[in-house]
Amino acid sequence: MNKELPKIYEPQKVEDEIYARWEKSGCFNPDNLQNTVGTHCNVLPPPNANGELHIGHASGYTIMDIFGRYARMNGKKTLLLPGKDHAGIQTQVVFEKKLQAEEGLSRQEVGRGEFYKKTYAFCLDRANYMRSQEKKIGISADWSREKFTLDPDVLKTALETFVKMHEDGLIYKGKRIINWCPRCATALSDVEVHHKDTPGKLYFIKYPLENSEEFITVATTRPETMLGDTAVAVNPKDKRYAKLVGKNIILPLQNTIIPVIADQRIDLSFGTGAVKITPAHDPLDWEIGKDHNLTEIQIIDEKALITEFGGKYAGLTVHEAREAVLKDLEKLHLLEKIEELSHAVSICERCKTILEPLTSSQWFINVDAKTYSLKNEARKVVENAQIEIFPNNFQKVLIDWFDNMRDWCISRQIWWGPQFPVWYCETCGVEKYIVSLEKPKACPHCNGTKLTQDENTFDTWFTSNQWPYTTLKAHGNDYEDFYPTDMMIMGRDLLFFWAARMIMLGIYKTGEAPFKNLFFTGLGLDKEGHKFSKSRGNGIDPLLMIDKFGADALRMSLIMDSAPGQDSRLYEEKIETFRNFANKLWNISRFCLSQENFKLVENIENEDVKTPADAWIISKLDATITEINKLFAGKQIAMAADVLKTFTWNDFADWYVETNKLEKNQAVLGYVLDKILRLWHPFMPFITEHIWELAQIEKMLIISAWPKISNLSTLEIGKNNFEMIQNIITTVRNVRTENKIELGKKITICLNCENVSLLDALKSAFQEDLIKRLKTGIETIKYNEAGAELESSVKRTLGEIDLHIHLANAIDTDKEKEKITKEIENIEKFVSGLTERLSNETFVSKAPAQVISQQKETLAKKQAELIELKKHLATLS
RNA sequence: GGGUGAUUAGCUCAGUUGGCUAGAGCACUUCUCUUACAAAGAAGGGGUCACUGGUUCGAGUCCAGUAUCACCCACCA
């Protein structure tokens, strides 16, 4: 046995080597496991392959790995399937910047084909780097199955879904109003739009009525869009404007004739109640325009410049056009007034540029088709709780989201990403498109051979939303073996982007929801409660923390003190406390390993239990295992780790290890440490595996069995006796401190008790020694000696035992009196409350019998204690 | 405008179907370098569980409302 272990655990020196050993053993691959009790699969959320690991990833991976390791040790064929996402827009933004900075080239200068190749290489490079970071966290994922969203096999399945959806009538191409990002130069889906409350102005503009001196005043925050107005709308119930409906208006600046129409979607109370309608550049106006057959005039183009339809404003930016329009209106005395207004501006999720609503020809998924409603099928599964969601309140959020979901725009005009499997024939034109995975040899309509592919690329979420089955289908029988998967874990910010639509597509494609449990983590916050962000520069680098405190400490700090879905703060001091705990575990083990003939033992027999301490620790361990299993079942891993920490530190280290120094029992010591290492392994895999190896166990801990309870039947009496010993020891220490008796001074105690068998148990040589030596400074113990209480002593009642602590003349009598008086008051208050409750007829008749008998017992105990205390107080005066 | 979460010790947070005098870590006070560990040990102080009502024998926990904060959703131009 190696007795020269360092006093301080040094994770940096062992973690990489341990991870390499796991990898080499092949145990991350379920095919190599001997396990037979079911399966456990968690397809890992693929991080964007364009950067590096951040604390959010680390937090998710830790939780996934904890459940994964727990399942593996419980005999399940366990697969954690890793991957990376090509992350369309975000990667294109990142890589364009890099290209510009490093080579001074724009994407246009490079050309589409070459740009795609370069970006692909960049992603693979990042993926390699990020993989090495993921390994540092200790995630036990099967790297042999790792996938990238653009891998041909994975992508093929995803594109097949597109083809099938098109056949099923769930995909259409149409000219509709969409969110356009002028900077990214692409359409976006609704979830990629963020709203930002911005102080703005509300402009009141007078529109002259045709053949009249009158005006109708409209209010708008975007005056430049008036260039594309094709109507003014009022609410049909609005009496102010009733007589104007049907009349015409001369649109200022453009001098076109547009009608006044009535539509119930207009809010009477906002602005003037009259709204300018610009169907091409406002979502609501677009819908109203459709219903009233208004023309759409696109006056803003995809670069946010005014188009030729903007007349003399053509070519101006939106901002310039606004200034010019306002100036011209003022000249014409048509600008009535300007009010301050705070309103929500749509911005791009990725680059924060203000979005322009545009009508554009795009591809959409009909989420509520008559033949098959994607959103309703998904909603049903969530509502019927076929997926268990942690925390459960997200169920309602999901249902609401499905209810309000609108058609999903899946085409992007960027270069980075898979192109649509759609083909156009030169002669037949864009209307007669062909959907096909492979490029058709000839046009089915005209037999023409000049075919070109649709230039659109997919919304990155279209492929990642299919991740659970595209990845599993790419490898052997994995789909049959593991789908639907067991766990899906993600940050709550991905609820709509990922979770919701993954459920939708999963059910559509496979008939089953892609996972049985959906677990949300909160957001990581800094010490002040701010979100981690690049611009704030408050991020905590997980790799740096691992280097400083060890991966196990980081893992613990990421899962402790937090409930599912709840945001939690992370800061170095917190990680430090778990580094301290890892060190505690290290030193506990170091003590054990230094004992002669020490070894970890898996099983324990009744005859191994020799002392009350043995019985006590095993019974505590049994309770701990039972509790932890219960908590794991409820996905309450933070509480499980907490229970285990208390057991390890406060029970095993503080009491059992100390008693074991006085009366060696290697069997029990080895048994309990064996269990502690197994129980901690999912949470702190590195240190536990390391100690396991030092204990010279051949089979690695990662594939060792999860502990079962001892099932020893003879623990109860010993356990109670040990608790009495603990009580005596704690009380003596307490009294010493209160009376300021320095440690060097030896004292005498006397135990008086009528229960002879209890006293006999405490008298046995070993236990007497224990009571004397555990930091109590006791030299002599007397039993049932009447004389003892006559000397200058302090008396405490501990259940059946009266404990007299002889302090010679060191007692501070006044303090002791004060203390006893306070204690009496305390108990009297408690007793009177309890008495009142027990004499309350309704309580007695309605409360469960168990609660009543428990309370009666407590009352009797406390009353007895009270009598003793009062007697004691009398002797003091 | 709608929704969700939070409010518990000085700070950061746990507290699963209501049940005995509400917990942890950090910080604080006192003592101790006792051969596993000072990244530690021993003893301690500190809380009307945001507020108001309700249900109940019993509420931190359930219900209604209020306040403050945070976040999410949303086509008041």
Side-chain angles (χ1 to χ4, degrees), chain A residues 5 7-9 177 195 202 218-222 225 233 265-267 269-272 274-278 282-288 341 343-344 346 357 391 393-394 396-397 400-401 404 492-493 495-496 522-523 525 527 529 531 560-563 565-569 571 573-574 576-595 630-631 634 636 638-639 642 645-646 653-654 657-658 661 730 733-738 740 742-743 773-775 826-827 829-830 833-834 837 840-848 850-852 854-855 857-859 862:
Chain A
L5 299 174
K7 281 172 85 165
I8 303 286
Y9 172 59
I177 191 146
H195 297 277
L202 187 61
V218 298
T220 179
T221 52
R222 301 171 64 208
T225 62
R265 281 165 283 196
I266 305 302
D267 181 354
S269 59
F270 189 85
T272 63
V275 184
K276 57 187 279 308
I277 299 296
T278 322
D282 182 275
L284 179 63
D285 292 6
W286 189 79
E287 281 178 20
I288 291 176
L341 177 78
H343 65 132
S346 300
N393 58 291
F394 282 105
K396 189 171 174 290
V397 181
D400 286 352
W401 191 78
N404 296 314
R492 63 175 172 78
D493 51 327
L495 186 69
F496 306 133
L523 267 34
L525 306 175
K527 202 176 181 180
K531 241 193 250 187
M560 292 298 280
D561 293 332
S562 72
Q566 211 57 49
D567 295 348
S568 72
R569 304 184 189 198
Y571 38 91
E573 293 93 312
K574 194 163 164 179
E576 208 176 272
T577 66
F578 294 106
R579 186 270 316 259
N580 293 354
F581 175 69
N583 194 49
K584 185 75 187 180
L585 183 58
W586 172 251
N587 275 294
I588 289 169
S589 307
R590 203 159 70 94
F591 169 80
C592 293
L593 292 172
S594 69
Q595 301 305 298
K630 200 175 125 200
L631 290 166
Q636 309 245 44
M639 284 177 75
D642 195 53
K645 185 170 161 229
T646 305
D654 290 349
V657 169
E658 292 304 320
K661 286 175 185 171
T730 307
R733 287 169 178 170
N734 177 335
V735 168
R736 287 192 72 114
T737 310
E738 269 170 16
K740 297 196 170 24
E742 66 270 27
L743 269 183
R773 288 185 50 193
L774 285 182
K775 290 170 195 158
N826 231 337
I827 297 178
K829 216 169 123 191
F830 179 63
L834 212 51
R837 193 179 310 156
N840 184 335
E841 270 180 42
T842 36
F843 171 72
V844 179
S845 62
K846 291 195 176 180
Q850 199 202 345
V851 171
I852 296 172
Q854 242 174 18
Q855 300 206 356
E857 212 174 288
T858 312
L859 181 63
K862 289 290 164 183

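All chains are named by letter (A, B, ...) in the order of the sequence lines, taking the proteins before the strands, and each is independently numbered beginning at 1. Computed from a prediction, not measured in an experiment: that's the story for all the values here.
Remark: the separation of the C1' atoms in G54(B) and G47(B) is 25 Å, to the nearest Å. Taking the C1' atom of each, A9(B) and A24(B) are spaced 11 Å apart, rounded to whole Å. A distance of about 12 Å separates the C1' atoms of C28(B) and C11(B), rounded to the whole Å.
Within the nucleic acid shown, Thr577(A) comes within 4.0 Å of sugar-phosphate atoms alone, with no base atom in reach, counting heavy atoms only. Arg492(A) comes within 4.0 angstrom of the backbone, heavy atoms only, and of no base. Among the atoms of the strands shown, base atoms are found under 4.0 Å from some heavy atom of Met639(A). Here Asp654(A) lies in heavy-atom contact (under 4.0 Å) with sugar-phosphate atoms only. Using a 4.0 Å heavy-atom cutoff across all strands shown, Glu857(A) reaches no nucleic acid atom at all. Among the protein residues, Lys396(A) comes within range of the sugar-phosphate backbone only, with heavy atoms under 4.0 Å from sugar or phosphate atoms but none that close to a base. At a threshold of 4.0 angstrom between heavy atoms, the contacts of Gln566(A) are confined to the sugar-phosphate backbone, with no base atom among them. Residue Val275(A) is in base contact, counting any heavy-atom pair closer than 4.0 Å across all strands shown. Thr730(A) comes within 4.0 angstrom of sugar-phosphate atoms only, judged by non-hydrogen atoms across all strands, and of no base. Contact annotation for Leu834(A): no contact, since no heavy-atom pair falls under 4.0 Å across all strands. Contacts of Phe394(A) with the nucleic acid, taken as non-hydrogen atoms under 4.0 Å apart, are absent. Counting non-hydrogen atoms under 4.0 angstrom, Ala563(A) reaches the backbone sugars and phosphates but no base. Among the atoms of the strands shown, base atoms are found under 4.0 Å from some heavy atom of Val657(A).
Residue Arg733(A) places no side-chain atom within donor-acceptor reach of the base of A43(B), judged by atom type and a 3.5 Å distance cut-off alone. Looking at Ser562(A), its side chain has no donor and acceptor atom pair within 3.5 Å of the base of C13(B). Judged by atom type and distance alone, Glu658(A) reaches the base of A36(B) through a side-chain donor-acceptor pair under 3.5 Å.
As rounded to whole Å, 10 Å separates atom P of A27(B) from atom NZ of Lys527(A). In this structure, Phe843(A) atom CZ and G18(B) atom P are separated by 16 Å, rounded to whole Å. A straight line from CZ of Arg569(A) to P of A14(B) spans 11 Å, rounded to a whole angstrom. Put simply, CZ on Arg590(A) is 14 Å from P on A39(B), counting in whole angstrom units. Rounded to an integer number of Å, the gap from Leu525(A) CG to C71(B) P is 10 Å. Gln850(A) has its CD atom 20 Å from the P atom of C57(B), to the nearest Å. Across the protein-nucleic acid pair, Asn734(A) atom CG and C31(B) atom P stand 17 Å apart, rounded to whole Å. Distance Glu573(A) CD to C11(B) P: 16 Å, rounded to the nearest Å.
Base pairing of G2(B) is made with C72(B), judged by Watson-Crick or G-U wobble geometry with both donor-acceptor distances under 3.5 Å. Under the Watson-Crick or G-U wobble criterion, with both distances below 3.5 Å, G46(B) is left unpaired in every strand shown. Summarising the base pairing, C37(B) is matched to no nucleotide, lacking a Watson-Crick or G-U wobble pair whose two defining distances lie under 3.5 Å.
Here Lys531(A) reaches the OP1 or OP2 of C72(B): one of its side-chain N or O atoms lies under 4.0 Å away. Contact check, Lys775(A) against A42(B): no side-chain N or O comes under 4.0 Å of OP1 or OP2. Dashed line: the shortest gap from a side-chain N or O of His195(A) to OP1 or OP2 of C72(B) is not under 4.0 Å. At U34(B), none of the side-chain N or O atoms of Lys661(A) fall inside 4.0 Å of OP1 or OP2 (strictly under the cut-off). Between Asn580(A) and A40(B), a side-chain N or O to OP1/OP2 separation shorter than 4.0 Å is present. The phosphate of G41(B) has OP1 or OP2 within less than 4.0 Å of a side-chain N or O from Lys584(A).
The nucleotide whose nearest atom lies closest to any side-chain atom of Tyr571(A) is, among U12(B), U4(B), C76(B), U12(B).
A salt bridge between Arg492(A) and Asp567(A) is present, with a side-chain N of the basic residue lying under 4.0 Å from a carboxylate O of the acidic one.
Between Tyr9(A) and Trp586(A), the ring-plane angle classifies as tilted under the 30° and 60° cut-offs.
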